[in-house]
Amino acid sequence: MPATPNAIIKDLPERFQKAKESGDLLFFPSTIHKHVEGGVEYEIRLCPALQHKPNLPTPHFDAAQDQKKAEIQQGKPDPFAPPYVPNLYIGELKDVEEDTDYVVLFNKFSVVPHHILLVTKEFHSQTAPLMSSDLVQAYQLILAARAAGQRFFAFYNCGNLSGASQPHKHLQLIPIEGDGPPIEKLARSVNLEVPNKPFTLNSLPYANHIYRLPSHLGPNSDAEELSHYLMSGFMGLLDLTISSIRHDPTYPTGPPSYNVLLTLEHIHLIPRREEWYVLKETQEKLSVNSLGYAGMLLVKSDSELEAVCKEGVSNILRGTGVGSVHDLQVQGNDGEQDSAL
Ligand code: B4P
């Protein structure tokens, strides 16, 4: 029996506690370090306990069009397929418009309490673009959290070079304290001349494409209206992302990789060309996923923290992202407006 987004959000604290106490959910304590650079206050999360979590090899998502292939490539069962671990299973959601089912699970390796995964019930590949139902279900969870006085945002690591480690299609949602992730705050400060056209944050040294959702979207919006705005925004950003990638002559072959951030107010798409950044100082490899492009990086030791600050967060994000061709996109009228900061 499908649950509602409100019921999922309401049950999180009690279920999280139970999952943690059972030992099925592993919680890794961390501390946040603020790092100001180029006018952005980045959040670098130091989590030494994660050193003991093995890094999963990145699966080759391109060939993983079904669950069995994905399991063979990973050399182990798909953790997002049934039977679900009862303490990690929160409930199911159904998108009636698109007749698509989802399961909501706790992230087994949790750094932020109440970090959840919105997983397609049938196997779909993590290289596939988001569909209307993916966006609507994630947005409805964000709205349900807002109604309960909390701020959540969703992210999607799409493709081999995006920081993803599981080939079964999943979005992730985490709560955030204060008024949002650092890069979202920057996006919010932009005054748009044309309200429904994508824009870019020019002060960031990598290609980024952002769409502002209309402010009237809320708990009273029906799925059809949400789908209309979320999909037209997402498709416009995806075109620009592909265009940014096409302008990079050395971009690796294969399906494009990119990160998606979905907040109450914006959709962000960031094209990716590298999963890892090698820190000059220590030669350590830093994995960057969507959260990095929200302005939230994860490090596993004091020396890594120091090396990241020395290297500069914007150099790291430029290294794993793609160069901006915003001016060409505006001249070519590729659907992006001239902006911002
Ligand atoms: P992916 O999209 O495939 O990859 P990811 O979020 O980059 O996490 P990754 O697995 O690469 O872990 P990492 O060491 O970088 O997402 C897969 C998700 O499924 C992850 O959340 C993973 O933990 C979860 N998962 C894997 N096996 C599972 C299972 N059997 N059952 C349920 N869930 C399972 O990072 C470690 C953790 O820190 C991740 O949760 C990551 O999302 C989180 N994290 C990274 N940066 C962070 C930041 N700046 N702030 C807070 N948390 C951060």
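Just so you know, ligand 1 is whichever comes first in the structure, and atom 1 is the first atom listed for that ligand.
Contact annotation: for I174 versus ligand 1, there are no heavy atoms closer than 4.0 Å. The proximity of E43 to ligand 1, defined as any non-hydrogen pair under 4.0 Å, does not occur for either the backbone or the side chain. Residue-level proximity to ligand 1 for K108 is carried by backbone and side chain together, each with a heavy atom below 4.0 angstrom. When heavy-atom distances to ligand 1 are checked against a 4.0 Å cut-off, K300 comes that close only through its side chain, counted from C-beta outward.
Residues Y102 and V119 form no side-chain contact, since every pair of their non-hydrogen atoms from C-beta on lies 4.5 Å or further apart. R45 places a side-chain heavy atom less than 4.5 Å from the side chain of V112. Between P129 and Y258 there is a side-chain heavy-atom pair separated by less than 4.5 Å. L192 is listed as a side-chain neighbour of V190, based on a closest heavy-atom distance under 4.5 Å.
The OH atom of Y251 sits 10.5 Å away from the OG atom of S244 when rounded to the nearest 0.5 Å. One finds the OH atom of Y139 at 5.0 Å from the CG atom of L213 (value rounded to the nearest 0.5 Å). Interatomic distance, L269 CG to T241 OG1, rounded to the nearest 0.5 Å: 4.0 Å. Distance CZ/F199 to CG/L240: 12.0 Å, rounded to 0.5 Å.
The option with the heavy atom closest to atom 29 (C) of ligand 1, from among S30, S110, P79, is P79. The closest heavy-atom contact to atom 42 (O) of ligand 1, among the options K76, Q51, H115, comes from H115. For atom 39 (C) of ligand 1, the candidate residues are N107, I44, V111; the nearest heavy-atom contact is made by N107. Comparing Q166, Q172, M296 by heavy-atom distance to atom 16 (O) of ligand 1, the nearest is Q172.
For E37, the CD atom counts as densely surrounded, since its 6.0 Å shell holds more than 12 non-hydrogen atoms of other residues, nucleotides or ligands.
Per-residue contacts place S165 under 4.0 angstrom from the following atoms of ligand 1 (heavy atoms of the residue considered): 1 (P), 3 (O), 4 (O), 9 (P), 10 (O), 11 (O), 17 (C). Listed by number with element, the atoms of ligand 1 under 4.0 Å from a non-hydrogen atom of L117 are 19 (O), 33 (N). Within the listing of ligand 1, atoms 1 (P), 2 (O), 4 (O), 5 (P), 6 (O), 7 (O) sit less than 4.0 angstrom from a heavy atom of N157. In summary, the atoms of ligand 1 found under 4.0 Å from a heavy atom of F106, numbered by their order in the structure, are 32 (C), 33 (N). The contact set between ligand 1 and N289, taken as ligand atoms under 4.0 Å from a residue heavy atom, comprises 5 (P), 6 (O), 7 (O), 45 (C). Residue R45 approaches ligand 1 through these ligand atoms, each under 4.0 Å from one of its heavy atoms: 50 (N), 51 (C).
Using cut-offs of 30° and 60° for the angle between ring planes, the H266 and H268 rings count as perpendicular.
Residue-ligand proximity: L105 is placed with every non-hydrogen atom at 4.0 Å or more from ligand 1. Within the structure, ligand 1 has F80 among the residues with a heavy atom less than 4.0 angstrom away.
Taking every heavy atom of both residues into account, A138 and L262 meet most closely at CB-CD2, 4.0 Å.
Considering backbone and side-chain atoms alike, L50 places every N or O at 3.5 Å or more from each N or O of ligand 1. Considering backbone and side-chain N/O atoms, S287 never comes within less than 3.5 Å of an N/O atom of ligand 1. Residue-to-ligand polar distances keep V112 apart from ligand 1: every N/O pair is separated by 3.5 Å or more.
For the residue pair S243/Q329, the side-chain donor-acceptor check at 3.5 Å is satisfied.
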